[in-house]
Amino acid sequence: MNDLIIYNTLTRKKEQFIPINYPHVGLYVCGPTVYGDPHLGHARPAITFDILYRYLQHLGYKVRYVRNITDVGHLENDADEGEDKISKKARLEQMEPMEIAQYYTFRYHDSMRLLNVKNPGIEPRASGHIIEQINMIEEILKNGYGYEVNGSVYFDVEKYNKKYNYGKLSGRILEDLIANTRDLDGQDEKKNSFDFALWKKASPGHIMRWPSPWSEGFPGWHLECSAMSTKYLGEEFDIHGGGMDLQFPHHECEIAQSTAANGKESVKYWVHNNMITINGQKMGKSLGNFINLEEFFTGSHKLLEKSYSPMTVRFFIMQAHYRSTVDFSNEALQSAEKGMARLITATETLNKLKPSDKSTVNINELKDKCYQAMNDDMNTPILISHLFDGVRIINSIDAGTESISGSDLDLLKKIYNDFVFEILGLTSEQAKGNNLAFSGVVDLMLNLRMEAKARKDFRTSDKIRNELQALGIIVKDKKDGFDWEYNG
RNA sequence: GGUCGGUUGGCCGAGUGGCUAGGCAUCGGUCUGCAAAACCGGGUACGGCGGUUCGAAUCCGCCAUCGACCUCCA
């Protein structure tokens, strides 16, 4: 249980995972900003940290998993006058801001359910924690690391950096930031361009606004995560996750805020997943390769040759290490789809295996390798490669070229149940067996085919096979019978 | 321009100073009435140039190339 190693962005090293309050683990992950449909970029962190959550639980930790919903928009860089993303969308569609946020929150939940991503224990909304954010700003002001200008409050990075180290997470040095500053609009209120907003006074047209000691306005970007993680996980907690693109400035600012408010660092392990590319290119709206999850599941995007099931997307993401970029292409997705089908079929074959007196295969070694892979910074591709080695073992036992003892068979079943379904979170999407009448009819047809084969009536047997195949039923002959799969 | 991270065989994608990653595709074989499935086996690698080393794809340097971030974009 103490063998888990994870890569900590803060130290840029793999470190042994030791929770602050064993056996409890606090896990905070940056969730979506709900102003648009969930896309591949949302799937990657959701799945990465779903696996971490599942694995920690599997190891016996009691995990409190917090994943926020950002429904207080963030200022938009290229919008005129720093407009709130959610309120902008609201005006465009003539809806209430909260209506937009609610709609896309449901859309996000729907996609997560399809991807078999477990619900977090707490899913706090930024809009529901305005008071906590205001309190945090007051703490920061009290400690002297913030200043108010015209109803807005900014974080004093330069002062903070004199005592602490601003830039430690992303490897930035304040002097470089000063040297590289660009000219941006609306910077004149700040002492320094790299200062960031804790509270913004709302412009007259800004719909989302709350009262505060400083102005009617809205909280700054990075504050919600600091306030909500502190509220639910405490001033110090174990793991904070999110996409690599959030390292700077978002997570850097979170560190600064928490440290400035509480006087100490809040996060022990920072974990970041890498990004997704499509056909080798960054995914972006302007590049026309922006594919949302629903388009994947239905195959409706023009770059997709076919639809890809949620489990295919999940499996594909897990076949790459979470700290590597992963490139989506039709060819790669289709090979993942086939590979996963083979893995899932093997788990079904496993349940039909008959034990022998003794084993000719080493199941304990397989188990150890699986744990070693997961313990080594959640190396799911290596885990999957071991599971495929196991597939060969399962099929060989089924074919009679290897044998397995009863106790080894039980262990093998446990390994596959634990790793394939519980930890990797795959589910069988194959429809076989869902309907007793349906599978009964297929079995009946295939028994008739067996009889036809027995009397060498191959015209009839081939006709049955071909017509079943046309209906999506794949017939697999075995030595002493048959098996089949339905991909409807 | 700055910081960081990549560049692996037909495609995807791990890993390691010398010992088969794995998947998909492909080729040969076994099985089969045929096919499929399954099993066995084969081929194709480590961006370029130098250096360290008995030995580097793995360490170092330079170059090329791709990507992320660089203050309000999850």
Side-chain angles (χ1 to χ4, degrees), chain A residues 9 12 30-36 38-39 41-42 45 68 70 74-79 82 85 155 157 167 170-173 176-177 179-182 184-187 190 192-197 200 220-222 242-250 252-253 274-275 277 280-282 284 315-316 319-321 323-340 342-343 345-346 349 373 376 379-389 391-392 394-396 398-402 453 456-458 461-462 465-466 469 474-479 482-485:
Chain A
T9 309
R12 312 210 171 247
C30 290
T33 299
V34 282
Y35 67 93
H39 52 74
H42 292 109
N68 67 291
T70 297
H74 289 166
L75 288 171
E76 207 165 273
N77 185 11
D78 49 5
K85 266 191 173 169
F155 191 93
V157 172
S170 54
R172 280 171 172 74
I173 296 161
D176 294 344
L177 292 174
N180 282 317
T181 290
R182 307 186 201 149
L184 286 164
D185 290 337
Q187 298 280 340
K190 299 184 198 173
N192 283 299
S193 59
F194 43 75
D195 288 349
F196 54 92
K200 264 305 232 190
W221 237 275
H222 317 296
M244 234 170 211
D245 54 332
L246 296 178
Q247 255 175 54
F248 191 89
H250 185 59
E252 200 70 70
C253 295
N274 212 319
M275 312 310 279
T277 58
Q281 206 181 22
K282 173 191 172 183
F315 184 76
F316 183 68
Q319 262 194 321
H321 186 78
R323 284 193 286 117
S324 301
T325 55
V326 60
D327 185 52
F328 276 69
S329 65
N330 282 289
E331 195 179 359
L333 278 160
Q334 283 163 32
S335 71
E337 187 174 49
K338 286 180 196 164
M340 182 180 67
R342 193 162 152 249
L343 177 63
T345 299
T349 305
D376 184 12
N379 199 325
T380 52
I382 291 291
L383 170 64
I384 289 170
S385 80
H386 294 321
L387 291 173
F388 274 113
D389 289 341
V391 167
R392 195 164 294 119
I394 290 166
N395 288 332
S396 294
D398 188 44
T401 54
E402 302 279 1
K453 278 173 68 175
K456 303 225 186 291
D457 179 3
F458 297 123
S461 70
D462 286 355
R465 182 177 67 199
N466 294 340
Q469 189 160 7
I474 311 295
V475 179
K476 301 175 181 179
D477 285 354
K478 310 270 282 231
K479 271 205 176 66
F482 57 81
D483 202 353
W484 57 273
E485 259 174 36

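Residue numbers begin at 1 in each chain, while the letters A, B, ... track the order of the sequences.
Under 4.0 angstrom from either OP1 or OP2 of B/A37 there lies no side-chain N or O belonging to A/Asn395. Note on A/Trp221: a side-chain N or O is less than 4.0 Å away from OP1 or OP2 of B/A74. One finds a side-chain N or O of A/Arg342 lying less than 4.0 angstrom from the OP1 or OP2 phosphate oxygen of B/C39. Within the structure, every side-chain polar atom (N or O) of A/Arg465 is placed at least 4.0 Å from both OP1 and OP2 of B/C34. In this structure, A/Lys338 reaches the B/A25 phosphate: one of its side-chain N or O atoms is under 4.0 Å from OP1 or OP2. OP1 or OP2 of B/G23 sits under 4.0 Å from a side-chain N or O of A/Arg392. A/Ser385 has no side-chain polar atom (N or O) that falls below the 4.0 Å cut-off from OP1 or OP2 of B/A21.
The side-chain heavy atoms of A/Ile382 and A/Asp376, taken from C-beta on, include no pair separated by under 4.5 Å. Side-chain contact between A/Asp398 and A/Lys478 is present, with heavy atoms from C-beta onward closer than 4.5 Å. At least one side-chain heavy atom of A/Val391 sits under 4.5 Å from a side-chain heavy atom of A/Asn395.
Base pairing of B/G50 is made with B/C60, judged by Watson-Crick or G-U wobble geometry with both donor-acceptor distances under 3.5 Å. For B/C24, the paired nucleotide is B/G10, the pair qualifying as Watson-Crick or G-U wobble because both relevant distances are below 3.5 Å. With both pairing distances under 3.5 Å, B/C34 is matched to nothing as a Watson-Crick or G-U wobble pair. Checking B/G5 for Watson-Crick or G-U wobble geometry (two distances, each under 3.5 Å) identifies B/C66 as its partner.
Shortest non-hydrogen contact noted between A/Ala336 and A/Phe316 is CB-CD1, 3.7 Å.
Taking atom C1' in both B/G15 and B/A21, the straight-line distance is 7 Å, to the nearest Å. Comparing the same atom, C1', in B/G22 and in B/U8 gives a spacing of 14 Å after rounding to whole Å. Atom C1' of B/U58 sits at a distance of 15 Å from the matching atom of B/G47, rounded to the whole Å. Rounded to the nearest Å, the gap between the C1' atom of B/A14 and that of B/A45 is 13 Å. Rounded to the nearest Å, the gap between the C1' atom of B/C62 and that of B/C19 is 32 Å. Remark: the separation of the P atoms in B/C11 and B/A74 is 36 Å, to the nearest Å. For the P atom pair drawn from B/G13 and B/C54, the interatomic distance equals 37 Å after rounding to whole Å. With C1' as the reference atom, B/A37 and B/U20 are 25 Å apart, rounded to whole Å.
Counting to the nearest Å, the C1' atom of B/G5 and the CG atom of A/Asp245 are 14 Å from each other. Distance, A/Ile384 CD1 to B/G13 P: 13 Å, rounded to whole Å. As a whole-Å value, the separation of A/Ile382 CD1 from B/U20 P is 14 Å. For A/Glu337 and B/A25, the CD to C1' distance is 15 Å, given to the nearest whole Å. At whole-Å resolution of the value, CD in A/Glu331 and P in B/G13 are 11 Å apart. Between the P atom of B/A21 and the CG atom of A/Asp376 lies a distance of 18 Å, rounded to the nearest Å. Between the NZ atom of A/Lys456 and the P atom of B/C34 there is a distance of 10 Å, given to the nearest Å. If you take CE of A/Met244 and P of B/G5, they are 9 Å apart, rounded to a whole angstrom.
A/Asp477 comes within 4.0 angstrom of a nucleotide base, judged by non-hydrogen atoms across all strands. Residue A/Asn466 is out of contact with every strand shown, counting any heavy-atom pair closer than 4.0 Å. Residue A/Gly242 is classed as having no contact, given no heavy-atom separation below 4.0 Å to the nucleic acid. Counting any heavy atom pair closer than 4.0 Å across all strands shown, A/Gly243 reaches no nucleic acid atom. A/Arg323 comes within 4.0 angstrom of no nucleic acid atom, judged by non-hydrogen atoms across all strands. Nucleic acid contact for A/Thr401: none, since no nucleic acid atom lies under 4.0 Å from a heavy atom of the residue. The residue A/Lys453 sits close to a base: some heavy atom pair falls under 4.0 Å. Within the 4.0 angstrom heavy-atom criterion, only backbone atoms of the sugar-phosphate kind lie near A/Val326; the bases stay farther away. Residue A/Asp398 is classed as having no contact, given no heavy-atom separation below 4.0 Å to the nucleic acid.
The A/Arg12 side chain lies nearest to B/C4 when the options are B/G23, B/C4, B/G10. Ranking B/C70, B/U71, B/G22 by closeness to the A/Arg172 side chain, first place goes to B/C70. For A/Tyr35, the listed nucleotide lying nearest its side chain is B/A74; candidates were B/C69, B/A74, B/G13.
Rounding to the nearest 0.5 Å gives a distance of 10.0 Å between CZ of A/Phe482 and NZ of A/Lys453. In this structure, CD1 in A/Ile474 is found 5.0 Å from CD in A/Gln469, a value given to the nearest 0.5 Å.
For A/Glu485 and A/Thr345, the side-chain atoms include at least one donor-acceptor pair closer than 3.5 Å. For the residue pair A/Thr70 / A/Asn68, a side-chain donor-acceptor distance below 3.5 Å is found, with atom types taken as modelled. A donor-acceptor contact closer than 3.5 angstrom is absent between the side chains of A/Asn274 and A/Thr325.
Annotation: of the two residues near RNA chain B, A/Ser324 and A/Asp462, the 5′-most nearest-nucleotide partner is A/Ser324. Summary of the strand contacts: A/Val475 and A/Ser170 both lie near RNA chain B, and taking for each the nucleotide with the nearest heavy atom, the more 5' one is attributed to A/Ser170.
For A/Phe388 and B/G23, the ring-to-base geometry does not satisfy the stacking test (centroid distance below 5.5 Å, interplanar angle below 30°).
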